[in-house]
Chemist: 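Attaching a single structure in structure tokens format; questions to follow.
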Amino acid sequence: MSSIQESLSGVRQRISRACASAGRAPDSVRLLAVSKTVDTARILEAHAAGQRAFGENYLQEALSKQAQLGAQDLEWHFIGPIQSNKTRDIAARFDWVHGVDRLHIAERLSAARAGHARPLNICVQVNISEEPSKSGCRPDDAATLCAAIGRLPHLRLRGLMAIPAPADDALSAREPYRRLRALFDAIRAQGQPLDTISAGMTDDLEAAIAEGSTLIRIGTAIFGSRSTSKILT
Ligand SMILES: *Cc1c(COP(=O)(O)O)cnc(C)c1O
């Protein structure tokens, strides 16, 4: 087995165990492989091991890797912060966008997606720990934002995404994810057909799954630690 194949099966085991202890079906959680700073050879190794969904944070890096990879059966998720001058390329080149936290950005993505066969899948990012100067809408604003995005023609609103503040222990790691789940349930109760909670990374996927995450975004546990010097901003 290649090392990426081994790490992937390790992550899949963590998912199964977390699902089992939460009394959830193992296929109720999707794995998004976060491939920022990871070269295409390693993406192809993950692909050979059965991984199909990949998440990228930086547009230029993602476009160049997509061009190298060509037409593969890959599903691309944009998970980084979104600048309004990048919405055209993001809408054209990705299947999902997880970091939408303003209506203005959603409107631009929808307009740029017109003419594509399928709508763009959207998760609204919520600043669930209410940290100053962090991405994400305020929890109190999430329902209104979701309602407005739900009316845009070329988007399909799928759910909520969050990156909580780091926690001190496994138990407190669950609290923000519990609040995210409550918000998700409240917005669904208002009639939005949400089916996705994008929550949980390498260090806290168990906490996120225990609280109902349906899609975890994993980089380090699959591809190893990223050298910070390679991270483009
Ligand atoms: C980098 C990143 C991840 C993956 O983090 P790991 O700790 O390496 O698993 C997940 N989500 C987002 C938004 C990221 O930027």
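Counting starts at 1 for both ligands and their atoms, in listed order. Along the sequence shown, residues are numbered consecutively beginning with 1.
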Chemist: Salt bridge or not between R30 and E75? Use side-chain N to carboxylate O under 4.0 Å.
Modeler: yes
Chemist: What protein heavy atom sits nearest atom 6 (P) of ligand 1, and how far away is it?
Modeler: T202 OG1, 3.5 Å
Chemist: Yes or no: does D203 have any heavy atom under 4.0 Å from an atom of ligand 1?
Modeler: no
Chemist: Find all atoms of ligand 1 within a distance of less than 4.0 Å from any non-hydrogen atom belonging to R217, and give their numbers and elements.
Modeler: 4 (C), 9 (O), 10 (C), 11 (N), 12 (C), 13 (C)
Chemist: Is a donor on one side and an acceptor on the other found under 3.5 Å between the side chain of K65 and the backbone of S35?
Modeler: yes
Chemist: Which of the numbered atoms in ligand 1 are below 4.0 angstrom from a heavy atom of G219?
Modeler: 4 (C), 6 (P), 8 (O), 9 (O)
Chemist: Does the ring-ring contact (aromatic ring centres under 6.0 Å, His included) test come out yes or no for H116 and H154, once each step is laid out?
Modeler: CA-CA 8 Å; H116 286 253; H154 306 292; 9.3 Å; no
Chemist: Could you tell me if any non-hydrogen atom of H98 lies under 4.0 Å from any atom of ligand 1?
Modeler: no
Chemist: Can D141 and R138 be counted as an ion pair, charged N to O under 4.0 angstrom?
Modeler: yes
Chemist: Could you tell me which atoms of ligand 1, counted from 1 in the order shown, lie closer than 4.0 angstrom to a heavy atom of I79?
Modeler: 11 (N), 12 (C), 13 (C), 14 (C)
Chemist: Which residue and non-hydrogen atom of the protein lie closest to atom 10 (C) of ligand 1, and at what distance in Å?
Modeler: M201 SD, 3.2 Å
Chemist: What residue among L215, L205, L8 forms side-chain contact (heavy atoms from CB on, under 4.5 Å) with L31?
Modeler: L8
Chemist: Using a strict cut-off of less than 4.0 Å between a Lys/Arg side-chain nitrogen and an Asp/Glu carboxylate oxygen, indicate whether R178 and E211 qualify as a salt bridge.
Modeler: yes
Chemist: Considering only heavy atoms of I218, which atoms of ligand 1 have at least one such atom less than 4.0 Å away?
Modeler: 9 (O)
Chemist: For ligand 1, which atoms sit closer than 4.0 Å to a heavy atom of I163?
Modeler: 13 (C)
Chemist: Using the rule side-chain contact (heavy atoms from CB on, under 4.5 Å), only one of I79, V97, L194, T196 pairs with C123; which is it?
Modeler: T196
Chemist: Which residue and atom name correspond to the protein heavy atom nearest atom 2 (C) of ligand 1, and how close is it?
Modeler: K36 NZ, 2.6 Å
Chemist: Ignoring hydrogens and geometry beyond distance, is a side-chain donor-acceptor pair present between S198 and R217 at under 3.5 Å?
Modeler: yes
Chemist: Short list, please: which atoms of ligand 1 are under 4.0 Å from a heavy atom of N57?
Modeler: 14 (C), 15 (O)
Chemist: Would you mind running through ligand 1 and noting each atom that sits below 4.0 Å from a heavy atom of T220?
Modeler: 6 (P), 7 (O), 8 (O), 9 (O)
